[in-house]
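These figures come from a predicted structure and were not determined experimentally. In what follows, chains are A, B, ... by sequence order, proteins preceding strands, each numbered from 1.
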There are 2 protein chains.
Amino acid sequence: MNLKKTMVLSNTYYYGNHPILVAVDNIIFGFDTVEERLKVLLFKRLVEPYAGEWSLIGSFVQEGQNIDDAASSVLEELTGITGLYLEQLKTYGNADRDTGERVISIAYYSLLKLEEDNAQLRDQHDSFWFDISEVPNLVLDHGQMVKDAIRKLKIKARRSPIGFELLPEKFTLRQFKSLYEQIYQAEIDDRNFRKKILATGLLDKLEEKDKTTSKKGAFLYTFNKEKYDEYLSRGFDIQFH
Amino acid sequence: MNLKKTMVLSNTYYYGNHPILVAVDNIIFGFDTVEERLKVLLFKRLVEPYAGEWSLIGSFVQEGQNIDDAASSVLEELTGITGLYLEQLKTYGNADRDTGERVISIAYYSLLKLEEDNAQLRDQHDSFWFDISEVPNLVLDHGQMVKDAIRKLKIKARRSPIGFELLPEKFTLRQFKSLYEQIYQAEIDDRNFRKKILATGLLDKLEEKDKTTSKKGAFLYTFNKEKYDEYLSRGFDIQFH
DNA sequence: TTTATAAACGTAAAGATAACGGTTAATTTT
DNA sequence: AAAATTAACCGTTATCTTTACGTTTATAAA
């Protein structure tokens, strides 16, 4: 329909068009600092449609509800945490993507710290944290959504200090390096990583050490919030893959 | 709504949810090689709602129509050209973004060559190519859409040889440079640009010269399609700003 | 006391970037 | 006909960045 045809509708601008069910789906990433693995949270569907199959978590967009609010509600009700990192990924809208009624899905991805013993986030009978290299077959086009989210995360990690959302308050350089290694699925040279990441000034070294992976112990670091905010506003660019 | 609550709905999985009008809006970019300006195509609305105001072109997503097809239809019916570059930008879905009925809009952006004497692409009484630095006030959240599209284009231009979509078949290095200058709204050193862009191997030098901007004349170049496809699949990275 | 190993520190060669000077080919002006 | 003009084109160097890899340190376990 081009503009002129649309214009003819005039008073009937909205009328005669076909409303469609709209949902949000959420690709939830978490970094396991113990296993040093990037994970994605998936859900086993208990009932029809697609009972027994793995899927993302989502919900329908309700009357009067902003789409961003629909996405953050899903996340908040799942985790009990507000203000988690959440960003729109892409909208999936092939007419036949849902085998039941037509549903357009707006996919979001979120990043969260996976250290806390948050009961709701623990593996449950109906949800599981999958290694991003071992995602099972998913319902509908959710597999494509996860693929697209991982691709987006790679790009995001270059232009934003993503560790701030994925690492715990205190972390070792080893953990930070392994986060990048997981995202890019590639080895990073230890010494070069250290140099580059410390040169940003983003990290404050603490007195404390973590001895879980070595006899010597590795110093813990935190993000310098001021530097972090500065990079967020002025732009950030780092490359590891 | 978390998964368990959703599950309880079971057979009524789709039932009870609220269908919403969904539209696509298109941010159409064109590079004017004569003026050496990056332009965006906007439309003066002739009738209500918002008569007399500038807006993007769009359409409602029809029953059974894929969202990507809705977006490409708008573009094809406007230009008469198929296969133009078109990519999804972002979905805008605040409940109150449309002052009439609720409409969720999926924004797309497209890139096209602006040289051809295509009547439909010329400035008309109801449409106009605006310099990207001189975009007027737009209807609803269309101004934000254009802003977001320009931001996306900057990122896109780093990771893809965008000139292929925006420049004519034959072009000068001057024109290619000015395209990047327009995208990044910054001056680029002539000699460094030439070195960097030629080093990619993307360009084939022709015998022909263009004398419109100098006495000496500037050699024309074309994209090497093989190299271009290679970069598209293996990844591209160039920085000018 | 020795061994083992992650952590931490350092260096040098190669490559990329930024800044800028000089030459060329043609037209326009004198 | 000669001089002036100007975009186009070519080249150099200093500086920063990246890559690759060698060395030392602190501690627990053998």
Within the 3.5 Å criterion, strictly below it, is a donor on A:Asp25 or A:Ser105 matched to an acceptor on the partner's side chain? yes
State which residues pass salt bridge (Lys or Arg N to Asp or Glu O under 4.0 Å) with A:Asp69; sequence neighbours excluded, sorted by chain then number. none
Nucleic acid contacts of residues 201-218 of chain A, taken as heavy-atom distances under 4.0 Å to DNA chain D: A:Lys211, A:Lys215, A:Lys216
Please confirm whether the backbone N or O of A:Gln144 pairs with a side-chain atom of A:Asp141, one donor and one acceptor, at under 3.5 Å? no
With sequence neighbours left out, write down each residue that passes ring-ring contact (aromatic ring centres under 6.0 Å, His included) with A:Phe219, or none if nothing qualifies. none
Could you tell me if B:Tyr180 and B:Gln182 have a donor-acceptor pair between their side chains, going purely by distance under 3.5 Å? no
By ring-ring contact (aromatic ring centres under 6.0 Å, His included), B:Tyr92 pairs with (sequence neighbours left out) none
Check each residue of residues 173-198 of chain A for a non-hydrogen atom within less than 4.0 Å of any atom in DNA chain C, then write out the ones that pass by number, or none. A:Arg174, A:Arg191, A:Arg194, A:Lys195
Carboxylate-amine/guanidinium proximity below 4.0 Å for B:Glu36 and B:Arg174: yes
Just one of A:Phe43, A:Phe130, A:Trp129 clears the ring-ring contact (aromatic ring centres under 6.0 Å, His included) bar with A:Trp54, so which one? A:Phe130
With a 4.0 Å cut-off (strictly under) to non-hydrogen atoms of chain B, the first and last hit nts on DNA chain D, 5' to 3', are D:dT5 to D:dT12
Return the minimal non-hydrogen interatomic distance between A:Tyr109 and A:Lys152, and the atom names on each side. CE2-CG, 3.8 Å
Quick one: do the A:Tyr228 and A:Glu230 side chains pair a donor with an acceptor below 3.5 Å? no
